[in-house]
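What follows is a single structure, written as structure tokens, with notes after it.
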Amino acid sequence: MAVVGMLLWCLTIYLQGGLWLPVESKYIAYNTTGRIVPGKINVHLVPHSHDDVGWLKTVDQYYFGGNNSIRGACVQNVIDSVMSSLFEDKNRKFIYVEMAFFQRWWRQQSEAMKIKVKDLTTLGHKYIKDEFGQIPRVGWQIDPFGHSAVQAYLLGAELGFDSLFFARIDYQDRAKRLKEKNLEVVWQGSKSLGSTSQDDVLLFDYNVQERVNAFVAAALAQANVTRTNHIMWLMGTDFRYQYANSWFRQMDKFIHYVNQDGRVNALYSTPSIYTDLKHAADEEWPLKTEDFFPYADHPNAYWTGYFTSRPAFKGYVRLMSGYYLAARQLEFFKGRNTSGPNTDALADALAIAQHHDAVSGTERQHVAADYALRLSIGYKEAEKLVASSLASLAESTSNIRQGNTVINFQQNLLMRVWFYRCPLLNISYCPSSEADLSDGKSLLVVVYNPLGWKREEVIRIPVSTEKVVVRDSSGGEIESQLLPISNATPHIRRNM
Ligand SMILES: *[C@@H]1O[C@H](CO)[C@@H](O)[C@H](O)[C@H]1NC(C)=O
Ligand SMILES: *[C@@H]1O[C@H](CO)[C@@H](O)[C@H](O)[C@H]1NC(C)=O
Ligand SMILES: *[C@@H]1O[C@H](CO)[C@@H](O)[C@H](O)[C@H]1NC(C)=O
Ligand SMILES: *[C@@H]1O[C@H](CO)[C@@H](O)[C@H](O)[C@H]1NC(C)=O
Ligand SMILES: *[C@@H]1O[C@H](CO)[C@@H](O)[C@H](O)[C@H]1NC(C)=O
């Protein structure tokens with residue numbers, strides 16, 4: 001009896017730690033083969049990490065693992081270790097959404113590594129289309145603090161995504177949807193399609209039978225509030241998978257033992273596989289219209305402060321977004337220069353600023369400063385492109401033909417021109433327009449309308465003389481007024 005007791009005890013240790021088994025200490029090949037079993041509850045395990053593109057640390061600090069006293073997070077390790085775990089077992093899957101980090105990682109990989117990874121992954125967006133020739137079909141917005149119906153329209157009707165997954169939804173809405181099996185819906189933002197899912201179940205391996213029972217119970221509970229026999233578990237959270245193998249090893253065991261048990265079926269999966277099965281199921285989905293706003297995670301905890309926090313930064317992002325679109329048009333007129341000044345840095349900075357801890361204002365101060373710095377660097381570069389593009393348009397004597405549209409830059413100057421933008425018109429500051437305009441000198445002002453329709457706007461330009469006449473490009477006089485600057489203005493301008 002003692003021996004049996006001993007064996008049981010040893011066995012328990014093995015099951016708990018999964019490390020050693022004195023009696024049968026041998027290699028176990030976990031069967032991670034994924035397949036769908038019709039009629040059974042299929043648990044889709046979706047490994048992922050949620051890596052904020054700047055929050056408590058800047059985007060680069062998160063990537064390299066800098067400033068680790070604030071938060072021990074190094075995204076480089078996440079991607080490195082996930083890749084080696086994926087190479088180990090072709091059944092494993094992983095989804096990665098933060099392209100800002102992935103780009104940083106990708107740039108540093110050898111050609112050999114790039115080839116291996118291209119064989120392996122199908123990750124998202126234009127960068128991925130360029131590098132991998134893949135068009136993403138699934139939106140993954142785990143962390144944003146609410147979702148506007150415009151998202152459904154943009155991602156569905158405009159981008160053609162099959163589905164959108166997100167985690168944060170008002171707690172009362174969630175409770176009601178659970179009861180009515182309405183967590184997955186067809187979301188009609190305006191005329192689009194999209195479905196949602198959520199829930200994050202993390203299980204750790206203490207004892208096989210106990211763990212398998214817990215797994216099965218969790219699967220049954222979720223199946224109970226989900227339509228069809230497919231349920232999805234998000235296996236990951238903020239900055240996880242820095243030691244990816246520890247996650248994958250646990251999931252390997254689950255898939256192995258749960259499928260041996262046979263009450264439910266578990267497999268490595270992705271949102272696309274899951275979505276396809278939801279589409280294939282002959283199921284009527286409830287319709288959702290309007291926003292998932294405002295977001296509250298418990299009573300009296302509405303996440304609405306961020307709508308207005310860091311207004312200066314929000315304004316800056318918006319201003320730069322408009323400038324970026326105008327600059328892109330001018331870049332197109334001139335012809336894009338991959339090495340020279342172009343709009344890439346501004347595009348990058350703006351993309352990073354769309355992160356849900358960036359433009360929302362929920363980041364730390366030094367991170368906010370880092371976002372603003374990136375925008376300003378991008379803007380400086382785009383400004384050079386805009387100036388040279390406008391100059392070459394002004395210098396060209398002929399009309400520019402683009403398709404059926406003739407753009408007539410009629411002007412009578414044949415000299416070299418260089419344009420300066422006046423970003424500080426908000427404090428009536430523009431050195432170029434304030435230059436000495438006496439003795440019949442003239443100042444060429446180009447006002448560029450990047451919108452596709454005619455606009456009538458009042459334009460204000462600081463000048464240093466009253467003797468000015470404003471004319472249009474054919475010499476006709478344009479109505480203008482001279483206004484004295486307010487007493488406060490010199491104070492705001494300080495020494496400028
Ligand atoms: C592994 O699991 C799959 C699906 O669960 C099954 O079809 C296959 O026979 C298993 N392979 C082995 C070697 O047990
Ligand atoms: C680390 O974070 C702090 C904010 O807590 C910031 O002031 C500091 O500049 C950061 N360090 C670096 C190297 O950026
Ligand atoms: C399934 O849902 C019903 C009704 O909400 C509940 O009574 C039951 O306990 C649930 N079963 C499981 C396994 O969660
Ligand atoms: C692109 O920019 C570089 C550096 O500014 C310049 O040397 C080069 O002539 C430009 N190429 C074209 C095609 O304009
Ligand atoms: C004017 O706009 C710039 C950004 O272009 C901003 O940095 C500055 O704070 C603004 N000045 C005032 C007084 O609002």
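Just so you know, ligand 1 is whichever comes first in the structure, and atom 1 is the first atom listed for that ligand. Note that the numbering runs from 1 along the sequence shown for the chain.
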task = May I ask you to check whether over 12 heavy atoms, not counting those of R328, lie within 6.0 Å of atom CZ?
result = no

note = When distances are taken from atom 6 (C) of ligand 3, the protein heavy atom at minimum range is N224 ND2, 4.0 Å

Minimum-distance pair of heavy atoms, taken over all atoms of N265 and V37 = CG-CG2, 3.4 Å

request  = Decide whether Y63 and R104 meet the rule of one side-chain donor and one side-chain acceptor closer than 3.5 Å.
outcome  = no

query = Looking at atom 12 (C) of ligand 4, what's its closest protein heavy atom, distance included?
reply = N337 ND2, 3.3 Å

query = What protein heavy atom sits nearest atom 4 (C) of ligand 4, and how far away is it?
reply = G340 CA, 3.9 Å

request  = Please could you name the atoms of ligand 4 that S339 approaches to less than 4.0 Å, counting only its heavy atoms?
outcome  = 1 (C), 2 (O), 3 (C)

inquiry  = Just to confirm my output: which protein heavy-atom neighbour is closest to atom 7 (O) of ligand 1, and how far is it?
reply    = R35 NE, 3.4 Å

ask   = Is atom 14 (O) of ligand 4 less than 4.0 angstrom from at least one protein heavy atom?
value = yes

message = So, applying side-chain contact (heavy atoms from CB on, under 4.5 Å) with H256, which one of T33, D261, I28, V212 is it?
response = I28

key: Atoms in ligand 4 flagged as close to P341, the criterion being non-hydrogen separation under 4.0 Å   = 5 (O)

inquiry  = Protein heavy atoms near atom 9 (O) of ligand 1, is at least one of them under 4.0 angstrom away?
reply    = no

message = Regarding E331 and T343, do their side chains bring together a donor and an acceptor under 3.5 Å, going by distance alone?
response = yes

Protein contact of atom 1 (C) of ligand 1 - nearest heavy atom, named by residue and atom, plus distance = N31 ND2, 1.5 Å

task = Report the C-alpha distance between F94 and Y241 in whole Å, list the side-chain angles of each, state the deciding distance to 0.1 Å, and finish with yes or no for ring-ring contact (aromatic ring centres under 6.0 Å, His included).
result = CA-CA 10 Å; F94 191 79; Y241 289 82; 4.8 Å; yes

request  = Tell me, please: is G335 in heavy-atom contact with ligand 4, that is, under 4.0 Å?
outcome  = no

ask   = Does OH in Y243 sit with more than 12 non-hydrogen atoms of other residues, nucleotides or ligands closer than 6.0 Å?
value = no

